[in-house]
Amino acid sequence: MFSIQTLVRPHILTLKPYSSARDEYTGAEGIFLDANENPLGSALENESFNRYPDPYQRKVKEKLAVIKNCSPAQIFLGNGSDEPIDLLFRAFCEPKQDNVILMPPTYGMYEVSADLNLVTAKKVNLTPDFQIDIDAVLKAIDRNTKLIFVCSPNNPTANSLKKVHIRLLLSNFGGLVIVDEAYIDFAKDGSWIEELSDFPNLVVLQTFSKAWGLAALRLGMAFASEEIIQILNKIKPPYNINEATQQLALQALDHVERKDTMVKTILAEREKLVANLVKTPCIVRVYPSDANFVLVKTTNAKGIYDYLVAQKIIVRDRSKVVLCEDSLRITVGTAEENAKLLEQLRQYEG
Ligand SMILES: *Cc1c(COP(=O)(O)O)cnc(C)c1O
């Protein structure tokens with residue numbers, strides 16, 4: 001039987017968390033002389049950010065819970081997705097003892113976080129068609145394996161990973177399966193958030209950085225059981241989401257339709273881009289995309305990358321990454337940007 005109490009590091013269970021002024025008194029009105037804030041206002045002209053923000057971002061979570069069809073208590077907000085990724089290591093992985101499983105080629109931050117926390121990252125490559133090598137992953141699990149990172153749609157390959165495989169991991173692994181859905185708004189499949197009630201060991205990561213267009217705000221989301229969220233809350237920096245970000249996120253959440261319209265536009269542009277890339281001589285192959293970018297195999301990734309940079313068009317050279325030989329990752333831009341890219345690619349000789 002899965003038990004979060006036995007999975008979490010023992011000292012985290014007994015840790016006495018920092019108790020902020022806003023933890024100890026949560027009322028909205030009164031004379032606040034409890035947090036050493038500036039009572040006069042701020043050095044800014046019009047806005048006042050003199051008070052500490054809500055440490056649990058209650059208003060943002062309430063709105064988000066409606067949109068995501070979950071409970072506010074199943075949501076953790078972080079300073080980008082990087083923060084919940086790091087906190088999961090700190091909560092569940094004993095340095096120099098525990099390990100996690102990653103499936104390259106994938107998002108680089110999982111390994112950085114593992115290295116930073118002195119946790120071994122066991123790598124089980126995706127299959128040549130960029131799907132989970134399920135037998136190899138199940139075989140790689142040992143008693144010290146605490147986390148498995150699944151990125152779907154996967155960065156940099158752009159495809160979604162098969163749900164049957166992810167379900168197999170969830171039901172055959174006693175640690176946490178983290179499904180990173182940074183690109184879920186661009187995918188055909190629905191979110192794993194729907195399945196939270198079936199899998200107590202599931203953590204879903206999403207972000208405001210991609211479809212919502214708010215990369216600069218640094219706001220990431222984790223969805224999981226209340227128990228897991230409570231652990232993340234216990235160890236996070238007290239005021240990890242600043243007030244400006246909370247206010248702007250609230251405004252954005254009032255306009256889901258704007259996000260949806262942008263997603264539609266980007267998807268239409270992606271289809272046009274793909275249709276044109278497949279006809280471009282220096283492009284050998286365009287991999288299927290469920291994201292706002294495409295991975296392409298080229299005749300000469302380094303040469304094309306440098307040529308594009310000289311034209312002030314910057315793509316991502318992924319050719320040094322396993323299974324991505326001679327491949328470039330191209331973000332879908334505006335219609336004009338994509339047209340310029342295609343024009344330059346057509347003229348490439350080499
Ligand atoms: C872009 C991206 C994120 C988002 O990171 P933030 O820190 O929230 O900006 C997370 N995971 C993957 C796989 C990504 O590509």
Side-chain angles (χ1 to χ4, degrees), residues 57 60-61 64 68 75-90 100-114 116 121 123 126 130-132 147-161 166 176-187 189 191-193 202-224 232 236-237 240-242 244-246 248-249 252-253 259 262-263 266 270 287 289-295 314-318 321-324 327-333:
Q57 313 93 27
V60 181
K61 286 179 186 173
L64 194 54
K68 300 294 179 181
I75 306 175
F76 174 85
L77 295 178
N79 186 358
S81 305
D82 306 340
E83 187 169 42
I85 291 170
D86 180 65
L87 292 178
L88 286 163
F89 277 96
R90 292 211 247 168
V100 302
I101 296 176
L102 318 179
M103 304 170 207
T106 194
Y107 187 46
M109 208 49 212
Y110 315 137
E111 187 172 11
V112 172
S113 230
L116 191 56
K123 296 182 191 169
L126 294 175
F130 300 142
Q131 289 297 331
I132 296 176
L147 310 173
I148 299 179
F149 284 88
V150 178
C151 189
S152 182
N154 186 44
N155 180 2
T157 60
N159 61 303
S160 292
L161 302 187
I166 299 175
L176 300 185
V177 176
I178 295 134
V179 182
D180 187 340
E181 295 185 336
Y183 301 98
I184 192 68
D185 293 274
F186 305 102
D189 285 350
S191 168
W192 280 90
I193 292 175
L202 170 63
V203 178
V204 178
L205 300 180
Q206 292 188 4
T207 179
F208 282 86
S209 298
K210 309 287 159 59
W212 289 92
L214 296 169
L217 291 191
R218 308 308 303 130
L219 190 56
M221 308 164 245
F223 303 87
L232 298 179
K236 78 183 183 71
N240 62 324
I241 308 298
N242 69 66
T245 294
Q246 292 193 41
L248 291 167
L253 289 170
K259 183 260 294 173
M262 290 191 286
V263 167
I266 290 167
R270 185 184 76 193
Y287 294 100
S289 171
D290 243 351
N292 66 339
F293 60 89
V294 287
L295 186 74
I314 326 300
V315 298
R316 198 89 198 266
D317 181 2
R318 298 282 77 185
V321 172
V322 278
L323 300 176
C324 295
S327 298
L328 298 173
R329 193 193 71 187
I330 304 173
T331 305
V332 178

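Given the structure is predicted, the values throughout are model-derived calculations rather than measurements. Ligands are counted one by one from 1 in listed order, and the atoms in each one are counted from 1 as well.
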Do any N/O atoms on Ser209 end up under 3.5 angstrom from N/O atoms on ligand 1? yes

Are Leu323 and Phe130 side-chain neighbours, meaning at least one heavy-atom pair lies under 4.5 Å? yes

the protein heavy atom lying closest to atom 11 (N) of ligand 1 turns out to be Asp180 OD2, 2.7 Å

Side chain, backbone, both or neither: which applies to Met109 and ligand 1 if a contact is any heavy-atom pair less than 4.0 Å apart? neither

Are any of the heavy atoms in Ala215 under 4.0 Å away from ligand 1? no

Assess whether a salt bridge exists between Lys123 and Glu111, defined as any Lys/Arg side-chain N lying under 4.0 Å from an Asp/Glu carboxylate O. yes

Check contact between Tyr183 and ligand 1, using heavy atoms of the residue and a distance below 4.0 angstrom. yes

Which word best sums up how the rings of Tyr107 and Tyr110 line up, parallel for under 30°, tilted for 30 to 60°, or perpendicular for over 60°? perpendicular

Tell me the protein heavy atom at minimum distance from atom 7 (O) of ligand 1, and give that distance in Å. Arg218 NH2, 2.5 Å

So do Pro237 and Glu83 actually touch side chain to side chain, heavy atoms under 4.5 Å? yes

Only heavy atoms of Asp82, strictly under 4.0 Å: list the atoms of ligand 1 that pass. 7 (O)

Classify the side-chain pair Asn242/Arg218 by whether it contains a donor and acceptor separated by less than 3.5 Å. no

Can you list the atoms of ligand 1 that are under 4.0 Å from a heavy atom of Thr207? 4 (C), 6 (P), 8 (O), 9 (O)

Which residues share a ring pair (Phe, Tyr, Trp, His ring centres under 6.0 Å) with Phe76, sequence neighbours left out: none

Quick check on contacts: which atoms of ligand 1 are under 4.0 angstrom from a heavy atom of Lys210? 1 (C), 2 (C), 3 (C), 4 (C), 14 (C), 15 (O)

Non-hydrogen atom of Glu83 closer than 4.0 Å to ligand 1: no

Run the numbers for me: atoms of ligand 1, each under 4.0 Å from some heavy atom of Cys151, listed by number. 13 (C)

For Ala182, the ligand 1 atoms with a heavy-atom partner under 4.0 Å come out as 2 (C), 3 (C), 10 (C), 11 (N), 12 (C), 14 (C)

Looking at Phe293 versus Tyr183, is the centre-to-centre ring distance below 6.0 Å? yes

Can you check whether Leu295's main-chain N or O pairs, donor with acceptor, with Arg318's side chain at less than 3.5 Å? no

Near Gly80, which atoms of ligand 1 are under 4.0 Å from a heavy atom of that residue? 7 (O), 8 (O)

Side-chain donor/acceptor of Asn292 to backbone N/O of Lys210, under 3.5 Å: no

